[in-house]
Each structure stands twice: as structure tokens, then as C-alpha cells.
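See structure below.
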Amino acid sequence: MGMLAAAAASALLASPQAPAGRRRVSGAWTLRLRPAASPGAGTLRLHNFVPKCYIANIEVDVSTVSKEEDFDDPPSLPPGCSIPVVNLHGDVLDSSPFSLYDRASCPSDFEELPVLSEGEQHTLASTPAHPAGLYALYASYLFGNLVEQLWNFAWPAALAILHPSLLPVAIVGFFTKLSVFIGAPIVGKLMDHFPRIPMYTALNAVQVATQLISAATVIYALKNLRHASTTDVVLRPWFIALVAAGAIERLAGLALGVSMERNWVVLLAGTNRPVALAQANAVLNRLDLICETVGASVFGLLLSKYHPVTCLKIACGLMICSFPVLVMLGQLINRVSCHALDSSRTTTDESICIDLLDVRKLVQNSLSAIKHGWNEYKQQTVLPASAATVFLNFNVALAPGAIMTALLMHRGISPSIVGAFSGLCSVMGLVATFISSSLVQRVGILKAGAAGLIFQASLLSVALTVYWAGSISQRTPLLIFLASIALSRLGHMSYDVVGTQIVQTGVPASKANLIGGMEVSIASLAELVMLAMAIIANDASHFGFLAILSVSSVAGAAWMFCRWLTNPTDEQRELFMFDPLYQVKAI
């Protein structure tokens with residue numbers, strides 16, 4: 001092996017003579033490289049090079065092939081630095097000595113080698129790759145999510161007005177979760193084989209169309225149905241159409257969410273800019289919480305002033321107007337981000353897309369997509385982080401929702417306290433989106449994720465202890481019980497943001513939609529399981545059993561994630577090589 005190039009590189013890295021900020025290599029020398037003997041080894045790499053340093057604009061001439069020359073005394077390299085060594089032809093350099101740092105002795109053919117300072121690294125990590133594209137993404141996400149959340153509140157409210165039983169709403173909800181479980185993997189696979197912008201436009205068209213069909217069925221029922229029994233309602237053609245349209249609408253909405261939250265935001269913020277990506281994820285979560293609150297409030301206000309049919313017609317008008325706006329915003333995102341969304345992920349295979357869209361093979365394709373998605377999902381390096389997110393979906397008891405509301409009302413708690421509790425949980429979720437980005441900036445995404453899970457598990461354990469003490473009917477224990485659950489939302493939403501970023505970092509762009517869809521599918525299965533458990537344990541006296549399951553699931557998520565951090569694989573270390581957790585251990 002020729003060692004002269006190694007000596008030059010070693011001197012460059014170790015010498016204190018050059019300024020700390022920038023270093024220059026001088027010399028009009030041409031390197032002639034010996035081709036690798038094995039196939040596929042022709043690519044030259046700087047392997048295990050010191051992180052946060054880089055070499056740019058180096059010209060290498062590989063036109064001449066030479067024989068290998070050996071040197072008896074190879075120079076030593078600095079500890080922890082390993083660089084490739086190249087062989088030099090005998091006629092390239094003469095025998096006279098030269099100085100790397102004597103700029104006057106020979107002209108410079110090399111560019112400066114910039115080494116970013118700590119402040120510059122922080123600035124780069126905090127700066128999005130395409131800030132204008134991110135702002136356009138926020139606008140699209142806000143507008144689309146606002147209409148979606150308004151409809152998510154409108155259809156159950158209209159069905160509740162139509163019939164006093166909860167069964168129609170429960171049936172629609174069940175088939176919605178079932179469609180997500182079955183359809184999310186195949187939709188994710190389809191999105192990975194289809195261009196982003198056309199798929200975004202098609203999904204918006206499907207969602208708006210199914211929303212309009214659902215609204216039309218409910219309007220028809222409100223105008224024509226009078227005092228029908230529960231059986232008569234659920235067996236009517238309009239209700240079957242509502243169930244089918246609702247299932248497709250939810251699947252299209254989740255596909256859009258996965259695409260924008262797992263793929264688009266990564267491309268626009270930058271995978272190698274963790275702080276910018278954390279801030280972008282936090283903004284999306286804030287917008288989601290705001291839309292959820294505003295959508296429900298707006299439709300509730302409309303219902304208090306107008307007839308339900310009139311309110312649904314207003315909602316239909318918003319849906320129709322939303323489609324051209326969303327299509328325009330999608331084109332704008334791509335345009336202002338220098339067509340970053342046009343970058344290829346996998347080669348578009350028309351035969352795969354046609355096969356996936358074949359209605360005759362729907363069941364076969366669904367089963368095949370679930371099997372393929374599961375095989376890909378379980379092979380991901382970040383599987384424990386994604387599985388922790390799924391485990392959190394088992395917490396349906398110690399969280400704001402229908403079960404908690406039913407418990408409090410059964411215990412005779414004032415509706416004002418129940419409302420204040422729900423509002424406080426929403427505020428904690430919003431605050432968590434600010435805390436999460438700050439945590440990522442201070443301790444890195446891995447420690448921030450562990451902190452969120454441990455914090456949530458600890459506070460839910462306090463709430464469970466207070467509940468089993470049997471005293472939540474008293475004011476002070478009740479406030480401690482509710483405050484513990486509300487504060488636990490800080491950890492829950494923090495991990496929701498951080499866990500999403502970990503999966504974004506670990507999953508390649510070519511599989512982002514497939515893995516994201518598979519995670520949503522498994523999470524829906526978890527919700528279905530807990531819904532079944534709640535149906536079985538439907539008495540308020542069985543709430544303690546559901547609470548134990550909820551705490552156990554959160555504690556299991558925290559244990560799984562922390563074990564993943566403390567037993568990293570080489571691939572995991574390489575994936576998160578810039579995270580402070582593994583940088584400290586590498587010193």
C-alpha cells in the first residue's frame with residue numbers, strides 16, 4: 001500500500017499550524033489511483049471519518065493505472081480517524097521534499113476544507129432545508145385538517161340528533177377502524193410506487209367526494225327518517241352507504257396524514273437537521289390540536305343557531321371549496337421547495353400500481369400488503385420506537401375521552417369539572433409541542449423520547465394509586481387524580497412528536513408511506529382490542545381493570561424504548577451518530 005497520501009492526510013488532521021477554523025492543502029499534485037480488484041469496490045469512501053468535518057471539491061485523476069508500491073514504515077494516524085490510502089505512481093512526485101503549509105512554494109489546486117464551529121453546527125441543524133416549502137405545507141395542513149376535524153365532529157353529532165342510541169355511531173366507528181387496519185398497508189405501498197403530487201391530488205379528491213356522499217346520506221335521513229328503531233336505522237341503504245363512505249374517507253385522510261407527516265415534512269425540513277425537523281413536527285401537532293378544537297367549536301356553534309340540515313349544507317360548501325385550494329397548495333409546496341417532492345423514491349412500476357388497484361384482487365392484495373408491510377416493519381432499526389407509539393394507543397382509560405367522561409359522570413362529578421379537565425388536557429398537549437422541540441435541542445431526540453415516556457408512566461402510576469385508594473369522590477384526591485392524568489399528557493404528546501421524528505430519521509424515504517401506514521394499521525388494531533375490552537368490562541366498577549391495562553401499556557412502552565437505547569446495535573449507532581447520547585459514549 002502506498003503510504004504517502006496517508007502521511008499527508010495525517011499531517012493535515014494533526015498539525016496545529018493551520019488555523020482552527022479552516023485548513024488548506026497546497027500542492028499541484030495529481031493522484032493516480034489503482035482500481036480495486038474486487039467488483040463493486042471501485043467507490044472511494046471516507047469511512048468512520050470524524051463527524052461534523054468534511055472535505056469538498058477535491059479533484060482526483062483516475063485515468064492512469066499503476067502497479068502497487070509498498071512502504072515499510074507507514075505513518076501513524078490520529079486515534080479514532082480511519083481514512084483510505086491510495087497508491088501513487090512513481091512519476092507523479094519527485095524525490096524532493098515539500099511542505100503542505102508552504103503556500104508560496106507551489107500553487108494551490110485544492111479548495112479550503114471548512115470545519116463548522118459548534119455555533120455553525122447548531123444554526124445548520126435549526127435551519128430547514130426548504131423553509132418556504134414548510135410554510136406552504138403548514139398552510140395546506142391547517143386548511144385540510146380544519147375541514148376534516150369539522151366533519152369528524154359533524155357526522156357523529158348529526159347521527160346523535162337523528163337517533164338517541166349510540167349503536168349507529170359505534171358501528172360507523174368500528175368499520176372505520178377496521179378499514180384502516182386492512183387498507184392502510186396497501187395504500188402505503190401504493191403511495192411508495194406513485195408520484196407524490198398526483199397521489200396527493202387523488203387522495204384529496206377521494207376524501208372530499210366521500211365526505212359529500214356521507215353528508216348527503218345524513219341529510220337524507222334527517223329529512224325522511226322519523227322515530228325509527230335502531231335496527232331499522234342500521235339496515236337502511238343510506239346507512240350502509242354512510243358506513244362505506246366513512247370508511248373510505250377515513251382511510252384517505254390517514255393516508256394524507258402519513259404522507260405529509262412522515263415523508264413530506266422530512267424532505268422539506270431535512271433529515272440531517274434534527275432541530276428543524278423537531279420544530280416542524282411540533283408545529284404540525286399544534287395545528288392538529290388547534291384544528292380539533294376549532295372544528296368542534298365551529299360546528300357546535302352552527303348547531304346552536306341553525307337546523308342540522310343547514311349546518312351540514314354549510315359543511316358541504318366548505319368541503320367543495322377546500323379541494324381546489326388544497327390542490328393549489330400542493331403545487332405551491334413543490335414549486336417553492338425547488339421541486340423537492342419530485343425526487344424519486346423507488347422506480348415507478350405501473351404494473352404494480354395497476355395490480356394494487358385491481359378490485360378483483362382486493363382481498364388478495366390486502367393480505368399480501370399486510371404481510372409485506374409487516375415483514376418490512378419488523379426489520380426496521382427503529383422498530384422499538386414505533387412499537388412504543390402503538391403501545392400508547394392501549395391507554396384508553398387514563399386519558400381524556402369517552403371512557404373517562406363516563407366514569408366521572410357516573411361518580412357524580414360536576415360537568416364543569418369534567419369540562420375543565422378536558423380543556424386542561426388540550427392545553428397540556430399544546431404546551432408539550434413547545435417542550436418537545438426544546439428537549440430535542442438540549443438532549444437529543446433519543447433522550448427526549450425516553451423522558452416523555454418515563455414522565456407519562458410515572459404520573460399515570462400516581463393516578464392509578466389514587467384511584468385504587470377509593471377516594472376520588474372526595475375533592476382533594478379527585479383533583480390529584482385528574483391533575484396527574486392531565487400532566488401526563490405532557491409526556492404523551494412530547495413522545496408523539498419525538499417518536500415521529502425518530503421513525504422519520506430511521507425509515508428510508510422509499511418506504512416511509514408503507515411503514516407509516518403499517519404503524520397506523522397496528523395502532524388501529526390496538527384501539528379495536530381496547531374497544532372490545534371496554535365493551536366486555538362495560539360497568540363502571542370495572543374501570544380499575546382498564547386503568548391497570550392502560551398503565552401497564554405505557555410502562556411497557558417506556559421499558560421497551562429505554563432498553564433499545566441502552567443496547568444499541570451498530571446500525572443504530574450509525575443512524576443516530578449525531579445524537580448526543582451516542583456521541584458521548586463514543587468519546
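Every heavy atom of this structure was used, including side-chain atoms; hydrogens, water molecules and symmetry mates were not. Please read all numbers here as calculations on a predicted model, not as lab measurements.
The 12-atom threshold is not exceeded at OH of Y135, counting heavy atoms of other residues, nucleotides or ligands nearer than 6.0 Å.
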Self-check item: Test log, rule side-chain contact (heavy atoms from CB on, under 4.5 Å), inputs Y141 and L329
Solution: CA-CA 9 Å; Y141 191 83; L329 286 173; over 6 Å; no
Quiz item: Between L162 and L222, does a side-chain contact (heavy atoms from CB on, under 4.5 Å) hold up when you go through it step by step?
Solution: CA-CA 6 Å; L162 180 66; L222 287 170; 4.0 Å; yes
Exercise. Please assess I485 against F421 for the test side-chain contact (heavy atoms from CB on, under 4.5 Å), listing each intermediate value before the final yes or no.
Key: CA-CA 9 Å; I485 296 175; F421 166 72; 3.8 Å; yes
Quiz item: Stepwise, does the side-chain contact (heavy atoms from CB on, under 4.5 Å) test hold for Y138 with L284?
Solution: CA-CA 7 Å; Y138 296 153; L284 292 180; 3.9 Å; yes
Exercise. Go through the steps for R286 and T433 under the test side chain to side chain donor-acceptor pair (under 3.5 Å), then give the verdict.
Key: CA-CA 6 Å; R286 288 172 208 152; T433 61; 2.9 Å; yes
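Judged by distance alone, with hydrogens and angles left aside, the side-chain atoms of Q504 form a donor-acceptor pair with the main-chain N or O of E261 at under 3.5 Å. Judged purely by atom type and a 3.5 angstrom limit, Q501 uses its side chain to pair as donor or acceptor with the backbone of P274. Checking side-chain atoms of S521 against main-chain N and O of F181 turns up a donor-acceptor pair under 3.5 Å. Side chain of N224 to backbone of Y220: a donor-acceptor contact under 3.5 angstrom is found. Remark: the backbone N or O of L256 is not paired with any side-chain donor or acceptor of S259 at under 3.5 angstrom. The backbone N or O of I333 sits less than 3.5 Å from a side-chain atom of S337, completing a donor-acceptor pair. With hydrogens and angles disregarded, a donor-acceptor distance shorter than 3.5 Å links the side chain of N375 to the backbone of K371. S140 places no side-chain N or O within 3.5 Å of a backbone atom of A136 that could act as its donor or acceptor partner.
Within the 4.5 Å cutoff, no side-chain heavy atoms of Q207 are placed close to those of M319. At least one side-chain heavy atom of Q149 sits under 4.5 Å from a side-chain heavy atom of D288. Residues I417 and L408 fail the side-chain proximity criterion, which asks for heavy atoms closer than 4.5 Å. The side-chain heavy atoms of S484 and L460, taken from C-beta on, include no pair separated by under 4.5 Å. Considering only heavy atoms from C-beta on, T217 stays 4.5 Å or farther from F239 through its side chain. Side-chain contact check for L392 versus Q456: some heavy-atom pair is nearer than 4.5 Å. Under the 4.5 Å side-chain criterion, counting only non-hydrogen atoms from C-beta, I522 is in contact with Y377. Looking at heavy atoms from C-beta onward, F174 lies in side-chain contact with L528 at the 4.5 angstrom threshold.
Listed by chain and number, the residues in a salt bridge (charged side-chain N to carboxylate O under 4.0 Å, His left out) with E376 are K511 (sequence neighbours excluded). Evaluation of the salt bridge (charged side-chain N to carboxylate O under 4.0 Å, His left out) rule for E519 yields R262 as partners, not counting sequence neighbours. Among residues two or more places apart in sequence or in another chain, the side chain to side chain contact (heavy atoms under 4.5 Å, CB included) test is passed with I182 by L178, S366. Partners of F561 according to the ring pair (Phe, Tyr, Trp, His ring centres under 6.0 Å) rule, which considers only residues two or more places apart in sequence or in another chain, are Y495, W564. Not counting sequence neighbours, R489 has no partner by the salt bridge (charged side-chain N to carboxylate O under 4.0 Å, His left out) test.
Rounding to the nearest 0.5 angstrom, the gap separating the CZ atom in F143 from the CG atom in L326 is 6.0 Å. For the atom pair OG (S214) and CD (E249), the distance works out to 6.5 Å, reported to the nearest 0.5 Å. Note that the NE2 atom of H372 and the CD1 atom of I186 stand 11.5 Å from one another [nearest 0.5 Å]. Between the CG atom in N281 and the OG atom in S436 there is a gap of 8.0 Å [rounded to 0.5 Å]. Within the model, atoms CD of Q211 and CD1 of I320 stand 11.0 Å from one another, a figure rounded to the nearest 0.5 Å. Residue S524 holds its OG atom at 6.5 Å from CG of L254, rounded to the nearest 0.5 Å.
Taking the six-membered ring for Trp and the full ring otherwise, Y200 and W264 have centroids separated by under 6.0 Å.
Applying side chain to side chain contact (heavy atoms under 4.5 Å, CB included) to I515 and the options V507, V258, L383, V520 leaves one that passes, V507. No option in I171, V234, L159 other than L159 meets the side chain to side chain contact (heavy atoms under 4.5 Å, CB included) test with L242.
Of all heavy-atom pairs between L289 and L430, the closest is CD1-N, 3.5 Å. A340 and N334 get closest at one heavy-atom pair: N-OD1, 3.7 Å. The two atoms that bring G183 and L251 nearest to each other are C-CD1, 3.7 Å, heavy atoms only. Across S553 and N395, no two heavy atoms sit closer than the pair OG-N, 3.9 Å. Taking all atoms of both residues into account, the shortest heavy-atom contact from C321 to P324 is O-CD, 3.4 Å. The two residues A278 and V497 have their closest heavy-atom pair at O-CG1, 4.1 Å.
Identified under the side chain to side chain donor-acceptor pair (under 3.5 Å) test for residues 300-321, with sequence neighbours left out: none.
Between F481 and F543, the ring-plane angle classifies as perpendicular under the 30° and 60° cut-offs.
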